[in-house]
Amino acid sequence: MDQASEPARYDFTTAEPRWQAAWNDRASFAAPDVPPEGAKKYYVLEMFPYPSGKIHMGHVRNYTLGDVVARYKRATGHLVMHPMGWDAFGLPAENAARDRGVHPGAWTYNNIANMRAELKRMGLSLDWSREFATCDPEYYGQQQALFQDLMAAGFVERKESWVNWDPVDNTVLANEQVIDGRGWRSGAPVEKKLLSQWFLKITEAAPDLLEALNGLDRWPERVKLMQANWIGRSEGARVRFELAQAVDGVTDVEVFTTRPDTLFGMSFLAVAAEHPLAAAAAARNPKAAEFIAECRAMGTSEAAIEQAEKRGFDTGFFVKHPFNGMEYPVWIANFVLMEYGTGAIFGCPSGDQRDLDFARKYGLPVLPVVLPPDADPATFSIADVAYTDDGRIYNSGFLNGLAVPEAKKAAIAALEEKRAGRGIVNWRLRDWGVSRQRYWGCPIPVIHCDACGVVPVPKDQLPVKLPEDVDFSRPGNPLDHHPTWKHVNCPSCGRAAVRETDTFDTFVDSSWYFARFCSPRAAEPLTKAAVDAWLPVDQYIGGIEHAILHLLYARFFTRALSGMGKVATPEPFAGLFTQGMVTHASYRAADGRWLYPEDVAVDAEGVATEKATGAVVAIGRGEKMSKSKNNTVDPGAIIDRYGADTARWFILSDNPPDRDMEWSEAGVAGAARFVQRVWRLVTTSLPLPPASETPGETPAGRKLRQVTHRSIAAVTTALETFAFNVAVARIHEFANAIAEAPADAAGAKLEALEALLRLTAPMMPHLAEELWSALHPGTTDLVAELPWPEADPDLLKADTLTLAVQVNGKLRANIEVALDASEDTIFTTALAEENVARAIDGKPIRKRIHVRGRIVNFVV
RNA sequence: GCGGGCGUGCCGGAAUGGUAGACGGAAGCGACUUAAAAUCGCUCGGGUGAACGCCUGUGCGGGUUCGAGUCCCGCCGCCCGCACCA
């Protein structure tokens, strides 16, 4: 092979580390804790990663998106803070400890070291000096201090709630550890168990959390909608039903309903399995107890409860209807949730699908009480579908003839008059249970003393550190069976007491980390000057799967901190962008094995076969990358082969960032070709001939300058709107135009190449630096520190106007007219087109439509 | 089950209610080469035509409009969340 004949190529393997070192040496991405007077601050944050061991393509996508924003904002004159850290507590570390005998801390910090090295290879404009992990005692100790502040401010309470209990492993299970109602390790049927736990009173903030969504104008509408529905404000009534006979001294049962207008359509009353009346029934009837036990086996997941077949048990109790005085049976039903409303409902089968399914199953009456418009009351009946829309009330005594909204008001008024109920606002949102019976989390900093009750650990004794010597060979919480850790003296009375052995939900860790980033080494949780200067986060970026819980908890936490005067802003994230997943084709053999892509051959017809056996393989369309499906792509391997810029470019170019993207080998290879193309475009232009004309003097020069400035404008708009794939397309077009520009446009070419590099820099920062230095030998400038190019408005204007001409809405011709052509001239020019005349075919023109700069339409 | 979203060529996608398919990928053909890679050029929704063109087409069925991928109503399919995964 003759080396000399090989065309020169861009060598990213040396260039990328070189520029990373240059940014590092210049501290190009460092930000001060408190910005200087007059600085335009911009806080860019991606959701910090869980240190699972390796970065995956979802991370690459997330951090590339954030990096484009950070670099673009820096170029447009902002002082940018762009930190990185680790959401480092959680179950996987404990699973690793149980499965492989590794200590959770060692496992986690080892993973962090690996992932940090991988992230650094991506060339992200991060301020690494702010890095921390939530499992650092320096971080969780401050969190313990914050929790005590929240306790003092009245945001914390202790109450009972249900958990999934594995009776064989004697441990609490997460919902994801419950599979088809059984524990994932033991396979034992899961039971619900009542535990005393710590709660943050998020429900008190519900009205405010809902109302303030209106002010989040840079959040996706769908996320705001999901949050609003989750908070779930609903207006309705509490209705008190007297029991026909008192049960254990209890004389009545309260239900919540949003449909008091349908009270006359009642055919039963149903309570949750955890309701006191259900317990009373169980005490009298072993069959009831059996049914309740079956309900408990469903676990605590709302999805599982609501998807289960509707089942019930007749308690034999009866209640009296507050309006008609009739008696109705009380059932225990598996679809009634104890956590919502009062844990009891009245069933109106004609107006609620669940009630109808239930009534049909158990042969309960179905009385229609809302008559749809245009329906005949004599013949209207309910078969398998409940009627939930508006209409006229009938079969309903004093409510007859009213429309649904009026009937609701009338029913509530009547309930209040009879003292049998009242109108109320009910919220779906429940308080936030933060206790977890696990080791690898932040210890809840309280001590339980028989004499003094709950006593906070004195602040000068924080952090309450996790013990290192823990035993994972036994099931259950290692903190609880540690021989010494929990035994302490009460800080208040000095007698023997025990530590709380529960740790915090990891959502607590992620509810304030963005604030801690502002002063990550401070001796107190937050530094007022720093958080007030930097918060709110200007652009937060992460997965849609966090649309509700994480974002709602972080909003609540920030509100609470703001209420205590620790943070000025109540809203943590001014702008939010939710990215889609990264998917990859998956291959599954007939026997159910998931195959690695490299073990599969795909022919031209798209038929896939397993290389080893030749057997045909099923191709799954893009599925979320997961180890269990063998369809992951290792970012490290991609960067080895193609470089970070290529990976970044492909991930940005493939599709809009809020949609799921399919990773494809061909796509990366195409991106790699473009990297080389830009490199050739610049290097083959060197050295640039001395400009014989000032830019734009020749017709070709002016044309290239127009393209340059239109490209600047188009890419800027695309970046501002997160349309990164469009920005990529515009840069492709721009590069094509530069390549095609004739030689006499030399003066405009330098301007074009500079603009190309600066527009590309947020997306392919290493290549931009490499070529900038080639274009300006000896320069000490870094593109990362240069300002964003500005489009010259004069060069954005077109020289003529191109209009589409339609006849009856169908395109028939294009015409070109002067910018200032009159409407008459435009119509005359349009009608002169042969194709237009043929389409009109002499028919009279009924209407002429002209939209300036767009279109002409003749209606005939 | 409930809540939210998405659906456009072979594929990813573009398109302030105004020329559907920009840009890229794949594929095919050609140039260069002993050959391949790389590179460059051409073709590339379907139908019809010698050609200017014409008809049709944005998951399905309706509607609003001079004009609908875009707005409205009803379906179908896929995806996300459902409170202890992060």
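Chain letters run A, B, ... following the sequence lines, proteins first and then strands; every chain starts at 1.
No engagement by P49(A) is indicated, since no non-hydrogen atom pair under 4.0 Å with the nucleic acid exists. Contact annotation for H550(A): no contact, since no heavy-atom pair falls under 4.0 Å across all strands. Within 4.0 Å of A303(A), counting heavy atoms only, lies at least one base atom of the nucleic acid. Contacts of R436(A) with the nucleic acid, taken as non-hydrogen atoms under 4.0 Å apart, include base atoms. Counting any heavy atom pair closer than 4.0 Å across all strands shown, E339(A) reaches no nucleic acid atom. Residue I305(A) is out of contact with every strand shown, counting any heavy-atom pair closer than 4.0 Å. Residue contacts for S653(A): at a heavy-atom cut-off of 4.0 Å it reaches no nucleic acid atom on any strand shown. K310(A) comes within contact range of no nucleotide atom at all, as no heavy-atom separation falls under 4.0 Å. Contact annotation for E833(A): no contact, since no heavy-atom pair falls under 4.0 Å across all strands. Looking at heavy-atom distances under 4.0 Å, F507(A) makes contact with a base. Nucleic acid contact class of N857(A) (heavy atoms, under 4.0 Å, all strands): base.
Geometric assessment of K159(A) against the ring of F199(A) yields a positive cation-pi assignment under the 6.0 Å and 45° thresholds.
Place G670(A) and G90(A) on RNA chain B by their nearest nucleotides, and G670(A) ends up nearer the 5' end. Nearest-nucleotide positions on RNA chain B place R680(A) closer to the 5' end than the other of R680(A) and R812(A).
Annotation: rG59(B) and rU8(B) have their P atoms spaced 6 Å apart (nearest Å). Atom name P, nucleotides rA86(B) and rG21(B): the rounded distance is 48 Å, in whole Å.
Contact between the side-chain N/O atoms of R659(A) and the OP1/OP2 oxygens of rA14(B) is found at a separation under 4.0 Å. Considering only side-chain N and O atoms, K810(A) lies under 4.0 angstrom from the phosphate OP1 or OP2 of rU56(B).
Ring pair F827(A)/F858(A): centre-to-centre distance below 6.0 Å. In summary, the aromatic rings of F48(A) and W86(A) are positioned with their centroids too far apart to meet the 6.0 Å limit. The ring of F358(A) has its center closer than 6.0 angstrom to the ring center of F335(A).
Anti is the classification of rG59(B), since its glycosidic angle lies more than 90° from 0.
Judged by distance alone, with hydrogens and angles left aside, R730(A) brings a side-chain donor or acceptor within reach of the base of rA22(B), the pair sitting under 3.5 Å.
Taking a pair as Watson-Crick or G-U wobble with both distances under 3.5 Å, RNA chain B forms stems of 3 or more consecutive pairs at B:1-7 with B:76-82, B:10-12 with B:23-25, B:27-31 with B:39-43, B:45-48 with B:53-56, B:59-63 with B:71-75.
With salt bridges taken as basic N to acidic carboxylate O contacts below 4.0 Å, none links R296(A) and E274(A).
Here the nucleotide nearest the side chain of N164(A), chosen from rG81(B), rU19(B), rC84(B), is rC84(B).
A donor and an acceptor atom, one from each side chain of Q437(A) and D502(A), are located under 3.5 Å apart.
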